[in-house]
Amino acid sequence: MKEYDHKKIEAKWQKIWEKAGIYKSRENAKKPKKYVLDMFPYPSGDGLHVGHPKGYIATDVFSRHARMQGHEVLHPMGWDAFGLPAENFAIKNKMHPRKAVERNIKRFKEQLKMIGLDYDWSREINTTDPDFYKWTQWIFLKLYEKGLAYESYEPINWCPTCQTGLSNEDLEGNACERCGTIVEKRPMRQWILKITDYAERLLEDLALLPQWQEHIKESQRNWIGKSEGAEIDFPLEFQTKDGPKPNYLILHGWYKESSSGAFIPWLKTTLMAKGFDVQAPDLPNPETPMEVEQVNKVLENCTINEHTIIIGHSLGGTVAMKVLEKINKPIAGLVLVAPAMNPSVPGAKSRPFWKTFDWNIDYKRIKRLAGFVAVLCDLQEGEPRVPYLRDIASKLEVSLTEGDARERHFFGREEPMILSAITAHLTVFTTRADTLYGAIYLVLSPEHPWITLAIDKNHDVLKNKEEVKKYVVKASKKTEIERQENKDKTGIKLEGIEAINPATREKIPVYVADYVLANYGTGAIMAVPAHDERDFEFAKKFDIPIKEVIEPLSIQMTDTDALRPDLPLEDRNGVAAVVKHWEKNEYLCLSWKQQPIRAFVTGGIEPQEDPIETAKREIEEETGYMSAELVKPLGGRVHAQFYTVAKGKNRFGHYIPLLFKLKDSTRQEVSEYEKNQHDATWVKADEVAKFINRGDMLEVWNRVKGEVVYTGKGILANSGEFDGLDNEQAKSKITEVFGRKKTTFKLRDWVFSRQRYWGEPIPIIHCGKCGIVPVPEKDLPVKLPDVKNYKPTGTGESPLAAIEKWVNVKCPKCKGKAKRETNTMPQWAGSSWYYLRYMDPENKKALVSAKKEKYWAPVDLYVGGAEHATRHLIYARFWHKFLFDIGLVTTLEPFTRLISVGLIQAEDGRKMSKRYGNVINPDDIVEKYGADTLRVYEMFMGPFTDAIAWNTNSMIGARRFLERVWRLQEKCRTSDVLHGDIEKLLHRTIKKVGEDIEAFKFNTAISSMMIFVNAAEKGGITTQQYGTFLKLLAPFAPHMAEDLWVASGEKKSVHISPWPLYDDAHLHDEIVTMVVQVGGKVRGQMQVSASIAEDEARSQAEKLVSKWLEGKRVVKVVFVPKRLINFVIAD
RNA sequence: GCCGGAGUGGCGGAAUGGUCUACGCGCACGACUCAAAAUCGUGUGGGCGCAAGCCCUUGUGGGUUCAAGUCCCACCUCCGGCACCA
């Protein structure tokens, strides 16, 4: 027999397979497809370490198994080569990134090939290849076309080391994920992708992914961070220097109805009730409106001055702007409520006023004349109005105010959104609308627009403007790390302005503080210190007295006193008395005897009894102590729902918590009845919390300790008409009355610009005349120019900006002078869609042909690192859904099944890294032990998704196993007069290995093959059985399996041979071992027929364990066929 | 703090509510050898015992069950995600 020479064998077969092209994927309609995908690597300069291939080996095993089962398999590989790491590597090594990438890819590819992976290299892709990134740019253009890519000047995260802006996903805490540098906020021009438009679907559709690991889905849910709450408006009161109140002019927009319709009467009455002057003229000919007629009517009949706020609805919006153009004098404000659409907008419906109105509007002048501008948009209207209004708003340099009108197009009889838009107010977002009555101040984030406006030199509402300004500047300079580490609350009260709590109608102060985040919710909160930890901290610091509005409610769910859902609740008012010892720091507690309750002294208040009297009486009756004196009431009440065993009733108890102290030890005898009810015990102060086991009583104790913030569920108090409601009910009722439902997400829009060289150029041209002009599709790809200096500038400009030849272009629209966009795309762009390109890598006309997409999509199995849960995997799902919406792909989700690889750590248990000098190189392992050994070991190490330390010692086991398989070829015999058991075991092994590969349980698959080999060595094996076994081995050790397979006389490759089938008949034993137990303990075993009857088994078993049955009474016999028989005996 | 996941020999780890510790590493002893390595064989959770055997054991404490590593409750520890997100 030849020695097992892995080097020879592996080199030989790798060459032969490549030549024969057995791993080539074809669109073969006759076969079911299987698309198996690895997260493609970024080809780093360091090459692979043994941890990297683990996932690739797993998909390799999986895909080989699928191929043998008759699937047409797509298992491709490519390179994610754009981005910072590649560029930084290039700079460090003074090598052009393109050169560096080429070199690194070559090295990576060699290493991967050496492991014997079954990739179809003819489909190799590279994100830096212009033929590839042409389509990345194409997708960007489509996103732009659909309004999902926009320019913004908002401050973004800037990494000073990498010298580029970053997205939220690129951060680890407050540091750059790449280099660990703390990021700063920097305002700059950015391209942003509107991923937030897909937030809801990205969240919802996780439900379509049962084959994703829960922790990945959970991470995504966390990241998207949906919370449902309410927006509530708090009107503001402040005094302006010049006194007069604004007056309102309402211009309606119906051309079919008179102005008596819809919201106008309501708005008029409401404003007048507040003491404002309101004009709402009837506009002539609403059926067939004419501009001149309508505008003249307004000019002739209405008073317009610098205090006027004009509100124009629908066509009235246009009339309003025309009026303003004509009078050409400043007014206080202009509010456009769903203004009418310019007929030139594609998709706009034909209207009778199109021809009678002039649609050229001087937006610049309007903006100049109006003190403030707001554009309101009803989101129910959708396209094309929403994008049109967004455009109008941007021309007027304001952001669009979006929301749901009561009725479409603001046709409701009441439209509160309009009211809040025209009166001074602050809007807060809260998930605790139920605590509105406890909102005793507001807090704005330092970046809140209202603050920005108020500290402007032209405004003088704030009395302490300079102080506020200082604070805002200081907050903006505070690094994120300072905010993180030092969570001490800081802030400043805004003097001269007050808000009105819409529920209590009380005036409350307004603060600015940096514990409120600008980019979450509305950037403003209502503070409820009694029910929010952070607000409480702040209130403590500023000496704001708190107001409790939720009284704790605890519902007993477990134990014998758990609430019985079938019984009604019976209310009872009572007291809960905390009694302090006369000298020690101990408190009097009761443990109940019939129920597992440990609490304070409690009791029901009798009619006409004073609670304090009740408490004193109960203390005497229940504990005998007679000298209790009230220290103080602890405030409010606590509530509990539970079942009383003694009374057989559900109780809803309402307790007034009171604190007492005993003057001395005077004590009387406790009655027999009370003695039987409970024991009184003195408990040390620091052990009380542990001793007490009822939720409501713990809340009482918290009050004793002064921990008054309560965030749990409860009953409303101090909340007017809502008193007594359960807080969940109150939430929706209060929202209905004082606010509106609102859903908020933590997910931010995707900052898509990088100020670096090595990325896909963003295919946009900036023209002085036409503004932003997308590069025409036919001009794609916009190639990244070759340059000498690709180092980042650090100025917020990409190095591309310096290449004049490339930057200066003709505008595709007007042919005038224009400049290219010089920002590049982030690293995650190419990886957001690359999996589609493997399906059709050569296609020149389309990203992927419909036919091929239909055949291969979706990816059946996707394997990669868990660190991509909230980056790549969210981005890719977003782009995929977008491509679905524009009809390019046919599946809602790109990846059906996702499995994350568990890290291979170094032998010392740390991360494998050059820095620690603990890297194991796969080249060395392959050289010394062979690729097959490496493969078998990595799959055998443990559960695939677990992180496990590499152990070269342990790896020897894998090598030994293969050597034993090798030697087994000598032991094969042709006759089958062998141990019949080996055939049985073989069939079980076929079943186990197949199922385990499917389930990614490679370690147990290998273990079962080891068991088979052990048995075969002992019992012998036929040539045919050995051949079948080699097929099982083939996915794991492809080289050895192939060599042995061909050596046995086979002509075709084992890797395209059919996977063996198992015969059910071999899975069942006729003779089984049954365990005999006495009292649950194993006392014997017996070999019996699998079909043995219970009686028969019992009598056999009785004999076997007679020793243990002697003198015992058998109460019951448990018989589990084929497994066990248990004699249950009496004690 | 909140949300996920996990705690089993000396080590990596097996185990549809039914004999806990499969398989592998390591270790001990034996065979082969002058010897060593390699290979093969036997053994290997802990305690008591000469032995037959007995008792204990899946992070801790309770519970359900004839029977719990597995199900339920409380707690402890570790890992991962989010974190001043209202």
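The sequence lines fix the lettering, A, B, ..., with proteins before strands; numbering per chain opens at 1. Predicted model, so just to flag it, every value in this text is computed and none were measured.
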For B:C82, give its Watson-Crick or G-U wobble partner with both distances under 3.5 Å, or none.
-> B:G1
Hey, what's the ring geometry for A:Trp966 with A:Tyr4, parallel, tilted or perpendicular (30° and 60° as the breaks)?
-> tilted
Lys NZ or Arg CZ of A:Lys54 over A:Phe944 ring: under 6.0 Å, within 45° | yes
Sorted by position of nearest nucleotide on RNA chain B, 5' first, the leading residue of A:Asn1003 and A:Glu218 is A:Glu218
Rounded off to whole Å, could you give me the NZ-to-P distance for the A:Lys746 and B:C84 pair?
-> 9 Å
Distance, P atom - from B:A51 to B:U44, rounded to whole angstrom | 14 Å
Nearest-angstrom distance from the residue atom CG of A:Leu747 to P of B:C82 = 13 Å
To the nearest angstrom, the CE-C1' distance between A:Met1010 and B:C23 comes to 7 Å
A:Trp950 CH2 to B:C25 P, straight-line distance once rounded to whole Å = 15 Å
B:A6 -> Watson-Crick or G-U wobble partner, both distances under 3.5 Å, gives B:U77
For atom P, what is the distance between B:G10 and B:G4, given to the nearest Å?
-> 33 Å
Could you tell me the separation between the CZ atom of A:Phe1002 and the P atom of B:A14, rounded to a whole number of Å?
-> 14 Å
Rounded to whole angstrom units, what separation is found between the NZ atom of A:Lys1081 and the C1' atom of B:U57?
-> 13 Å
Assigned chi class of B:G46 under the 90° convention is anti
Cation-pi geometry met for A:Lys489 and A:Phe538 (6.0 Å, 45°) | no
Find the partner of B:A28: check Watson-Crick (N1-N3 plus N6-O4 or O6-N4) and G-U wobble (N1-O2, O6-N3) distances, both under 3.5 Å, and reply none if neither fits.
-> B:U42
Atom pairs under 3.5 Å, N or O on each side, protein against nucleotides 37-42 of chain B: can you list them with distances?
from  : atom 1 : to       : atom 2 : distance (Å)
B:U39 : OP1    : A:Arg960 : NE     : 3.4

Approximate separation, where rounding is to 0.5 Å, of A:His6 NE2 and A:Leu962 CG = 11.0 Å
Please measure how far the P atom in B:C66 lies from the corresponding atom in B:U60, and state the result in whole Å.
-> 25 Å
